[in-house]
Amino acid sequence: GNPDWYTPQVTHFDYDPAEAKRLLASMGWRDTDGDGVLEDESGHPIRFTMKTNSNNNMRVSMLNLIQHDLAKVGIDMVPASVEFNTLVTNVQRDLEYEAMLLGIQTGVPPDSPGMGQNTWRSRGTTHYWNVRQKHPETAVEARIDSLLDQNIGTLVPALQKSSWLGMQNLLNESCYFVWLPTQIFRLPVRNGFGNVMPSNMPHRLLWNIETVFARPAGGRR
């Protein structure tokens with residue numbers, strides 16, 4: 001959403017069911033009983049539950065789409081919609097979940113990756129892999145911590161972008177996140193306003209409100 005930080009060359013994995021099936025087969029997982037669901041070498045079905053908040057219709061719909069896609073490669077994902085407070089307790093306190101569909105907002109106005117330290121840093125409160133670390137549990141996470149320090153420790157744009165690219169590549173190579181589609185927003189604005197620059201990140205119309213102006217009546221539109 002912020003073109004200053006967007007890097008199309010970042011390491012990524014495209015939608016590829018055939019490659020997914022190959023990787024799963026390489027782990028020894030087979031559909032031995034022909035029910036469409038893979039089993040491990042001990043015969044246990046590859047099945048897990050994914051939770052999201054029941055009051056968010058978009059996420060509930062996304063769960064159904066994810067379930068449909070995973071079924072194509074033999075994985076049985078069971079959607080579970082729960083009340084939001086229960087969800088927060090599960091993800092932050094009792095850890096009673098197998099997988100979770102959530103969203104993490106950017107800073108407002110959106111700026112450098114340093115605004116997301118709670119997520120990227122290994123000891124962050126919204127660092128949802130290898131949770132509750134006092135120190136990095138993996139070499140990759142230690143490297144991401146180091147790159148984040150570099151990112152927030154300089155005001156040189158080229159160095160900030162270089163460290164952020166390194167962070168993105170490590171995050172994607174390790175599959176710490178499964179990135180979901182970005183929404184397309186259509187925002188109606190009267191044509192009497194100038195310098196309106198809609199964004200798909202909050203606040204979608206007001207992030208640059210200090211530079212938005214109203215054109216004089218009868219003026220150029």
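Residue numbers count from 1 along this sequence. Just the heavy atoms: all of them, side chains too, but no hydrogens, waters or symmetry mates, feed the values below.
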Where is the tightest heavy-atom contact between [X] and [Y], given as atom of each residue plus distance?
X: H127; Y: T119; answer: ND1-O, 2.9 Å
X: L63; Y: M50; answer: CD2-SD, 3.4 Å
X: V140; Y: S174; answer: CG1-OG, 3.6 Å
X: P113; Y: W164; answer: CG-CD2, 3.3 Å
X: T49; Y: E98; answer: N-OE1, 2.7 Å

If you draw a 6.0 Å radius around [atom1] in [X], do more than 12 non-hydrogen atoms from other residues or ligands fall strictly inside?
X: R190; atom1: CZ; result: no
X: R59; atom1: CZ; result: yes
X: F48; atom1: CZ; result: yes
X: E210; atom1: CD; result: yes
X: L155; atom1: CG; result: no

Item to complete: Just say parallel, tilted or perpendicular for the rings of F177 and W129, cut-offs at 30° and 60°.
Response: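 Perpendicular, since the angle between the ring planes exceeds 60°.
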
With rounding to the nearest 0.5 Å, note down the distance linking [atom1] in [X] to [atom2] in [Y].
X: D145; Y: Q117; atom1: CG; atom2: CD; answer: 9.5 Å
X: W207; Y: M197; atom1: CH2; atom2: CE; answer: 4.5 Å
X: T52; Y: M58; atom1: OG1; atom2: CE; answer: 11.5 Å
X: N169; Y: H12; atom1: CG; atom2: NE2; answer: 11.0 Å
X: R22; Y: L24; atom1: CZ; atom2: CG; answer: 10.0 Å
X: L171; Y: Q168; atom1: CG; atom2: CD; answer: 8.0 Å

Using atom types as modelled and distance alone, determine if a side-chain donor or acceptor of [X] lies under 3.5 Å from a backbone N or O of [Y].
X: D31; Y: D35; result: yes
X: T154; Y: V156; result: yes
X: R204; Y: P198; result: no
X: N118; Y: T126; result: no
X: R121; Y: I144; result: no
X: E39; Y: T32; result: yes
X: Q67; Y: M77; result: yes
X: S162; Y: L159; result: no
X: S81; Y: S54; result: no
X: R132; Y: Q92; result: yes

Worksheet item: Same hydrophobic cluster for I75 and M62, using side-chain heavy-atom links shorter than 4.5 Å among ILVMFWY?
Response: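 In one cluster: yes.
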
Item to complete: Decide yes or no on side-chain contact (heavy atoms from CB on, under 4.5 Å) for V196 and F213, but give the supporting numbers first.
Response: CA-CA 8 Å; V196 176; F213 62 91; over 6 Å; no

Test item: [X] and [Y] side chains (from C-beta on) under 4.5 Å apart, heavy atoms:
X: K51; Y: L87; value: yes
X: P79; Y: N64; value: yes
X: M100; Y: N90; value: yes
X: K161; Y: T7; value: no

Taking atom types as modelled and ignoring hydrogens, do the side chains of [X] and [Y] form a donor-acceptor contact shorter than 3.5 angstrom?
X: N151; Y: W120; value: no
X: N195; Y: T211; value: yes
X: E83; Y: N53; value: no

Item to complete: Might you work through the side-chain contact (heavy atoms from CB on, under 4.5 Å) test for F13 and E19, ending with a clear yes or no?
Response: CA-CA 10 Å; F13 300 98; E19 176 64 6; over 6 Å; no

Practice prompt. Among Q133, K134, H135, find the residue that satisfies the side-chain contact (heavy atoms from CB on, under 4.5 Å) test when tested with E137.
Written response: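 The side-chain contact (heavy atoms from CB on, under 4.5 Å) with E137 is passed solely by Q133 among Q133, K134, H135.
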
